[in-house]
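Single-structure report; data block below.
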Number of protein chains: 2
Amino acid sequence: MKVRRSNRVIEMTRYLLERPHTLVPLTFFSEAFDSAKSSISEDLTIIRNTFAKQGTGILETVPGAAGGVRYIPTVDQSTAEQFLNEMSTRISAPERVLPGGYVYLSDLLGEPEVLRQVGRLVASQYAKKQVDVVMTIATKGIPIAQSVAYYLNKPFVIVRRDSKITEGSTVSVNYVSGSSKRVEKMELSKRSLQKGAHVLIVDDFMKGGGTISGMVSMVKEFEAELAGIAVFGESKFEGERAVPAYTSLIRIDSLDAINNQIKAVPGSYMTQTDFNVLDAAHS
Amino acid sequence: MKVRRSNRVIEMTRYLLERPHTLVPLTFFSEAFDSAKSSISEDLTIIRNTFAKQGTGILETVPGAAGGVRYIPTVDQSTAEQFLNEMSTRISAPERVLPGGYVYLSDLLGEPEVLRQVGRLVASQYAKKQVDVVMTIATKGIPIAQSVAYYLNKPFVIVRRDSKITEGSTVSVNYVSGSSKRVEKMELSKRSLQKGAHVLIVDDFMKGGGTISGMVSMVKEFEAELAGIAVFGESKFEGERAVPAYTSLIRIDSLDAINNQIKAVPGSYMTQTDFNVLDAAHS
């Protein structure tokens, strides 16, 4: 019987981890393992406690006939802090400075482990908010959107700067690129977003904020709701950006392209995330 | 003590699932849980058997002082078959036919569950082969590359059709677009690929194969090795495509843009994957 329980909790752990934010009825597990609901309940208590202790996330129980259990990925304060400090150190490397004051980040945003953590962090911040779809703009925002979407278990949509035949009819909006002050155009496939959907906008990097503003206009154009904005990195910016409230994971505090010097620090994530809400739900 | 073992296997399961293809020394677990190596070995046997029984993957044991345990995600034949049949049915919908004989797939390739399965399938095929990096081309190939990279636990790199300042110096190659017969250019950041690296090329869809050929040239340009080619979908094509051996998950068997008819079927994946090798390793 000891092995039986171990087998069950291993498979239940895998099943739940692969389906964040999905309500799984207890009957599903009791049928799959041919076990009494009371045993399944005990299994879930063990999983819940282990997830809480290890900072994996919250296992939420929904009581009643239509109830079940739901895994909500979260990140605790110390893990978030450690990850953002580590990222800051890695980004503060002289060889990342590109001509024109740009920063090379493609390697980081192509590492599965980095993307996993970025996705967890952003999804954790929105764990208790309504998000129906994650939106980003091609190209570099895509891996971040995909990872956030994974941990929220919601679809993501890709806005494009160039129209493609394979998108079908599109809606387009004009926006002013904050850094170059040029007027540009972005497009999104008509069928990819529903009216009233709650949209979380994510992108890799914010300079002037023009691209983000464009996506905010796109959300309005579709009569959808803005759930929030999150970027991996933001540059230092003189004055106010013309964008609604946003969260950054990393901020470039100083960048000297002449002398190849760069200093990255954790962004607004740590101060804007209410870790207590998540911690409270753990207990 | 019963709960103790359960707690351990839950946390070990999570840890291993999040680190595919990574060798974890037994001492890591025995220190983390303050448990004897013999207990950890027993835990791993239970996890191994559960993973095998549920088709989650292989838990490979590497003996010796530098040894440990490694989780290799795999897909069994029936799961692969079921997924590809389901995809074929979903793609065979008249509303997916776009003018010019293109197929709308953006919704599917924005669903976390679909991407998870696509990634597992391709990674499973390459579970026992050397892959150092996954390569794709912007835009639609990115989510597939990211998911494959996740399950192989390797980085991915993005080739672009347009040069971007944030990539630094790039290497560019010309290629003939198979469908339009135009000569186009693609670029990859110089620092993103090492000489001699084994590259797995993935993309969303292959028509003439020109884009894939371009990426093959790119691999050669970097003096890297081609590990293989995998595409989500391929159209029917008269004659030979000018590309090396590749695997497709889905094939569009017929498409009638006038009458909005489309018929998708499983591609070459099922016949090209040696499920026995994987099954054998299970036991």
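Quick note on labels: first sequence line is chain A, next is B, and so on, each numbered from 1.
Ranked by heavy-atom pairs shorter than 4.5 Å toward chain A, the options B:Glu18, B:Glu95, B:Glu113, B:Met12 are led by B:Glu18. With chain B as the partner, the residue from A:Pro112, A:Gly168, A:Ala138, A:Ser169 showing the most heavy-atom pairs under 4.5 Å is A:Pro112. Contacts with chain A were tallied for B:Val9, B:Thr13, B:Ile10; B:Ile10 has the most, counting heavy-atom pairs under 4.5 Å.
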Expected list for residues 143-150 of chain B: side-chain donor-acceptor pairs under 3.5 angstrom, two or more places apart:
residue  : atom : partner  : partner atom : Å
B:Gln146 : NE2  : A:Pro143 : O            : 3.0
B:Ser147 : OG   : B:Leu115 : O            : 2.6

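The CZ atom of B:Arg161 lies 10.0 Å from the OG1 atom of A:Thr139; values are rounded to the nearest 0.5 Å. Taking OH from A:Tyr104 and OG from B:Ser192, the interatomic distance works out to 5.0 Å, rounded to the nearest 0.5 Å. Atom CD1 of A:Ile158 and atom CG of B:Leu109 lie 8.5 Å apart (nearest 0.5 Å).
Using a 4.5 Å cut-off between heavy atoms, B:Leu17 touches chain A through its side chain atoms alone. With a 4.5 angstrom heavy-atom cutoff, A:Ser106 touches chain B only via side-chain atoms. With a 4.5 Å cut-off on non-hydrogen atoms, B:Ser189 touches chain A through its side chain but not through its backbone. Of the two parts of B:Asp107, neither the backbone nor the side chain holds a non-hydrogen atom closer than 4.5 Å to a non-hydrogen atom of chain A. For B:Leu98, the part lying near chain A is the side chain, with the backbone staying farther off; criterion is any non-hydrogen pair under 4.5 Å.
By the ring pair (Phe, Tyr, Trp, His ring centres under 6.0 Å) test, A:Phe205 pairs with no residue at all, sequence neighbours left out.
Classification of B:Lys154 and A:Glu111 as a salt-bridged pair fails, no side-chain N sitting under 4.0 Å from a carboxylate O.
Between the A:Arg14 side chain and the B:Thr56 main chain, no donor and acceptor come within less than 3.5 Å of each other.
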